[in-house]
Amino acid sequence: MATGHRLTPRPGAPALGAAVEAFLTTIDNANTKRAYAIALHALAAESGADAPLTALEGKAGADRLATTGRWGGTAAATFNARLDALGSACA
């Protein structure tokens, strides 16, 4: 079984893009990996792959995600799937 990596903001943590790639390498199921990659690569594109993980921390980070509008027009199931990907990466 693969080792999981959390997208946890901490001193010396990798940039968002590197953390996303490290997390995705821990997912063995191809369908899950593809679905999570869509959400997490979009997050990295929106926030900047070089952004520190601290950019997603706390209320400011939640507000940033809520106001991107990236999936505002998507079906509820799609939105929830993307939210699950982010939650899994941060858990």
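From a predicted model like this one, the values you see are computed outputs, not experimental measurements. Keep in mind that the numbers below use all heavy atoms, side chains included, and drop hydrogens, waters and symmetry copies.
In this structure, the side chain of Thr25 engages the main chain of Ala22 through a donor-acceptor pair within 3.5 Å.
Contact annotation: the side chain of Val20 never approaches that of Phe23 to less than 4.5 Å [non-hydrogen atoms, C-beta and beyond]. Contact annotation: the side chain of Leu40 approaches that of Leu24 to within less than 4.5 Å [non-hydrogen atoms, C-beta and beyond].
Ala15 approaches Ala49 most closely through the heavy-atom pair CB-O, 3.4 Å.
With no hydrogens or angles considered, no side-chain donor-acceptor pair links Glu46 and His41 at under 3.5 Å.
Between the NZ atom of Lys33 and the OG1 atom of Thr26 there is a distance of 8.0 Å, given to the nearest 0.5 Å.
For Asn29, the side-chain hydrogen bond (donor to acceptor under 3.5 Å, both in side chains) criterion is met by Thr32, not counting sequence neighbours.
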